[in-house]
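Step one of this worksheet: look at the structure below.
Indexing begins at 1, ligand by ligand and atom by atom, following the structure's order. None of these values were measured; they are calculated from a predicted model.
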Amino acid sequence: MKGKFPLEKFSRLRTPFYYYDADLLRQTLRTVNSLLARHPNFVMHYAVKANANPKILRMISMAGLGADCVSGGEIQAAVDAGFPARSIVFAGVGKSDWEIDLALEKDIFCFNVESIPELEVINELAEAKGKQARVCLRINPDVGAHTHAKITTGLAENKFGIALSDMEKVIDEAIRLSHIDFIGLHFHIGSQILDMADFESLCNRINDIQRRLSLNHIRVENINVGGGLGVSYTHPDKEPIPDFAAYFNTYAHHLHLLPGQMLHFELGRAIVAQSGSLISRVLYVKQGTHKQFCILDAGMTDLIRPALYQAYHKIENISSDDSIMATYDVVGPVCESSDVFGKATDLSTCHRGDFVAIRSAGAYGEIMASQYNCRPLPKGYLSDEL
Ligand SMILES: *Cc1c(COP(=O)(O)O)cnc(C)c1O
């Protein structure tokens with residue numbers, strides 16, 4: 001365990017901070033690229049919202065991936081990190097005018113549009129600039145994913161996307177508007193999905209939709225199936241790289257693309273989660289009435305997933321090889337009862353000053369940090385730069 005983390009270098013840094021294993025990220029990107037090479041019609045856009053650390057973004061842009069953005073700030077961050085504007089897709093239910101203007105000025109690849117009012121505003125703003133806006137329509141496929149309720153997005157009850165029953169009406173409108181180029185359909189069913197059957201259900205639904213559209217002589221050049229591939233939070237060392245082969249094969253086998261169609265993906269978590277750990281130090285070990293608390297200097301402000309989604313992250317005392325274990329509730333210092341990283345967690349006996357790693361924190365970690373309690377934002381370091 002000890003060998004994985006450069007503790008002597010850590011001792012010079014103020015905790016808590018994010019530590020990114022650059023070699024693992026590079027290996028992950030190589031795996032994705034070698035699989036993409038077998039499918040010339042597959043295009044990967046990294047979902048910037050998972051981690052927008054400029055150094056991480058640059059590594060991903062250098063690997064040749066495109067970017068999936070959900071705000072004007074993300075578009076700017078992606079462009080600054082070297083992603084070509086023509087590799088950027090822009091999603092989101094509520095795009096502001098300035099964000100649409102920015103996307104038009106940069107000439108991004110396409111807008112993923114979620115409603116008729118949005119379509120009309122983009123048409124108007126594009127007309128004012130004398131431009132054409134390329135648009136994919138985000139369709140809510142009404143496909144459930146076996147994941148956490150707060151991270152499913154593809155059910156009819158969610159706020160996302162255009163209902164299947166409205167699809168033809170919205171497509172007609174997109175075709176009618178003179179400054180909109182309707183180029184495809186977009187889907188996204190949720191996040192942290194490990195059961196390939198969920199992606200298979202999406203494929204089957206898209207096949208139905210394509211049949212339905214072909215009856216109306218509508219053909220699109222692009223299908224975007226979003227992201228959502230999960231990672232192993234329980235075994236980050238056994239499964240450091242997600243099963244991208246199974247993921248791509250599911251689409252290759254079950255999705256019936258028409259000749260010339262491009263298939264776009266928007267993975268976030270699967271690309272960056274396992275390369276990141278939140279590193280903190282033990283402040284105190286406190287004996288409670290019925291349990292022991294291991295109190296860290298990292299809190300929910302640094303990594304909110306456990307508090308927000310009851311998400312599990314593997315926790316390790318990386319200062320100790322002690323085979324003597326103890327059971328702790330591992331908590332942070334923030335004034336909220338939900339500031340808990342793990343209940344009844346077995347760790348090598350903890351002492352004040354020990355380094356504790358919270359694993360698989362490279363996605364939806366650093367980027368979701370807040371300054372609640374006037375806490376400073378955690379810094380992020382790449383293994384390369386220490
Ligand atoms: C969040 C999001 C993604 C990325 O999801 P992951 O689970 O991190 O792969 C992709 N597309 C859209 C539209 C999203 O909202």
Under-4.0 Å salt bridge between Lys286 and Asp329: no

Which of the numbered atoms in ligand 1 are under 4.0 angstrom from any heavy atom belonging to Ala47? 3 (C), 4 (C)

Are Asp384 and Lys55 within salt-bridge range, i.e. N to O under 4.0 Å? no

Residue Leu267 vicinity, atoms of ligand 1 by number, heavy atom under 4.0 Å: 9 (O)

Please could you name the atoms of ligand 1 that Gly227 approaches to less than 4.0 Å, counting only its heavy atoms? 9 (O), 10 (C)

With atoms numbered from 1 as shown, which atoms in ligand 1 lie under 4.0 angstrom from a non-hydrogen atom of Arg269? 6 (P), 8 (O), 9 (O)

Is it true that Asp302 and Lys379 make a salt bridge, defined as a side-chain N closer than 4.0 Å to a carboxylate O? no

Check whether any side-chain N or O of Ser71 sits under 3.5 Å from a backbone N or O of Glu74 as a donor-acceptor pair, and report yes or no. yes

Phe265 ring center within less than 6.0 Å of His45 ring center: no

With heavy-atom distances below 4.0 Å as the criterion, list the atoms of ligand 1 near Tyr364. 1 (C), 4 (C), 5 (O), 6 (P), 8 (O)

Counting only nitrogen or oxygen atoms and a 3.5 angstrom limit, does Lys49 reach ligand 1? yes

Quick one: look at Asp68 and ligand 1, take heavy-atom pairs under 4.0 Å, and tell me if it's side chain, backbone, both or neither. side chain

Checking Phe17 now: which residues fulfil ring-ring contact (aromatic ring centres under 6.0 Å, His included) with it, not counting sequence neighbours? Phe10, Tyr381

Ligand 1 to Glu266, heavy atom cutoff 4.0 Å, flagged ligand atoms 3 (C), 4 (C), 9 (O), 10 (C), 11 (N), 12 (C), 13 (C)

Quick check: does Ala50 get an N/O under 3.5 Å from an N/O on ligand 1? no

Check if Gly228 has a non-hydrogen atom at a distance under 4.0 Å from any atom of ligand 1. yes

Suppose we screen for side-chain contact (heavy atoms from CB on, under 4.5 Å). Which residues come up paired with Val121, at least two apart in sequence or across chains? Asp97, Ile100, Leu125

